[in-house]
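Atoms within a ligand are numbered from 1 in the order they appear, just like the ligands themselves.
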Amino acid sequence: MMTTKELQEEILRLKKEKDICILVHAYQSHDIWEIADYVGDSYGLSEKAAQSPCKNVLMCGVRFMAETVKILSPEKRVLLSHPQADCPMARQLDVDMVKQLKERYPSHAVVAYVNTTAELKTVCDVCVTSSSAVSILKNMQEKKILFIPDCNLGGWAAEQVPEKEIQLVHGGCPTHAGITVKELEEAKRRHPNALVLVHPECQMEISQRADYVGSTTGIMDYAKKSEAQEFIIGTENSIVQHLQFACPRKQFYVLSKDCVCHNMKLTTLADVYHCVAGDGGEEIQLPGEVLEQAKKCLDRMLELGE
Ligand code: 13P
Ligand code: SF4
């Protein structure tokens, strides 16, 4: 039997030997965070994907994140940590549905949340992430915008950019959108001194009642810098554990015990080991025209998100 530490040491040895960069989304478990070259939110991961010096990249997260790495660095060999790790929101719209929406709103620029398939990005104008949506919407020249597929993130961002005309569609994250006002009230009753920090994928009625709304990195940075000692966290529950490691004297509580993303949780440390050993994960391969077309809206995201 190997201990967690021995397995981590073996992963670190293999990744160095094989020139593999390990990018880890914040929702992965702590034992995976500890062997990462970089941990962050979707925007930070996209920036690292465009810059990484390694020939091989292992993305521990969900499929659209690994596709984003491949699109931004097509010359690299990109592995997804678990072949079944997908984001259900990324498949809520397909190319035909977006084409129909474009016919209905012909003068609107199409802004796609990065949680979309590579194929869908080929028919969109700009991508955004939760941490960059407001600044990108502000920086875009177009006034009329069709925002897909998350109406909660889109609605929250639209409130902060009143100068734009933003059309939303019905879609969103089943994990975050399931959090209810009743759960929020119950959490506040239990922890009356705690600040409420939530992800913008939560329903608007939750975001409007929060003390802070932001990406996974945004939530973590806010909690670390805050003078407050107690926090109710309204995003995937792994963030509670990561914050507890980062700030052991502060207290963190889940907003909802059900805010668990089963796709993000599929990858284990043993999967990471198999990926670096060469007998696990899935290599991302995308057709040339998809790579080329989808790159435009990711490049525009990185330009406008500066
Ligand atoms: P972040 O960009 O905040 O990491 O969000 C990604 C995601 O999938 C949230 O559910
Ligand atoms: Fe997708 Fe929601 Fe999971 Fe994020 S938390 S990967 S948006 S299902």
Numbered atoms of ligand 1 (with element) below 4.0 Å of [X], judged on heavy atoms:
| X | answer |
| --- | --- |
| S42 | 1 (P), 2 (O), 4 (O), 5 (O), 6 (C) |
| S215 | 3 (O) |
| H199 | 1 (P), 3 (O), 5 (O), 9 (C) |

Among side-chain atoms of E236 and S238, is any donor-acceptor pair under 3.5 angstrom?
-> yes
Protein residue, atom and distance nearest to [atom], heavy-atom basis:
| atom | answer |
| --- | --- |
| atom 4 (O) of ligand 1 | H25 NE2, 2.6 Å |
| atom 8 (S) of ligand 2 | P88 CD, 3.5 Å |
| atom 7 (C) of ligand 1 | E201 OE2, 3.6 Å |

Paired with I22, the side chain to side chain contact (heavy atoms under 4.5 Å, CB included) test is passed by just one of V39, I35, L12, namely I35
Residue part near ligand 1, for N115, under 4.0 Å between non-hydrogen atoms | side chain
Quick check: does T216 get an N/O under 3.5 Å from an N/O on ligand 1?
-> yes
What about D41: any of its N or O atoms under 3.5 Å from an N or O on ligand 1?
-> no
Common cluster, [X]/[Y], ILVMFWY with side-chain heavy-atom separation under 4.5 Å:
| X | Y | answer |
| --- | --- | --- |
| I219 | L195 | yes |
| F147 | L120 | no |
| M264 | L80 | yes |

Counting backbone and side-chain atoms alike, does C173 have an N/O/S atom under 2.8 Å from atom 1 (Fe) of ligand 2?
-> no
Is the closest heavy-atom distance from S130 to ligand 1 below 4.0 Å?
-> yes
So, does H176 sit close enough to ligand 1 that a heavy atom of it is under 4.0 Å from the ligand?
-> yes
How far apart are the C-alpha atoms of Y253 and V240, what are their side-chain angles, what is the distance that settles it, and do they pass the side chain to side chain contact (heavy atoms under 4.5 Å, CB included) test?
-> CA-CA 7 Å; Y253 314 108; V240 170; over 6 Å; no
Looking at E10 and R13, does any basic side-chain N land under 4.0 Å from a carboxylate oxygen?
-> yes
Ionic contact status for R209 with E205, cut-off 4.0 Å | no
For F252 and C247, run side chain to side chain contact (heavy atoms under 4.5 Å, CB included): C-alpha distance rounded to whole Å, both residues' side-chain angles, the deciding distance at 0.1 Å, then the answer.
-> CA-CA 9 Å; F252 301 95; C247 317; 4.0 Å; yes
Is it true that N115 lies under 4.0 Å from ligand 2, counting heavy atoms only?
-> yes
Take every heavy atom of E201, measure it against each atom of ligand 2, and state whether any distance is under 4.0 Å.
-> yes
Proximal atoms of ligand 2 relative to H176 (non-hydrogen, under 4.0 Å) | 5 (S)
Looking at M89, which atoms of ligand 2 are within less than 4.0 Å of one of its heavy atoms?
-> 7 (S)
Verdict with supporting geometry, K250 and E230, salt bridge (charged side-chain N to carboxylate O under 4.0 Å, His left out) | CA-CA 6 Å; K250 294 184 178 180; E230 291 179 67; over 6 Å; no
Can you tell which of C87, A90, A85 gets a heavy atom nearest to atom 6 (S) of ligand 2?
-> C87
Assess C261: does it contribute an N, O or S atom lying under 2.8 Å from atom 3 (Fe) of ligand 2?
-> yes
Could you label the plane-to-plane angle of the H30 and W33 rings as parallel, tilted or perpendicular, counting under 30° as parallel and over 60° as perpendicular?
-> parallel
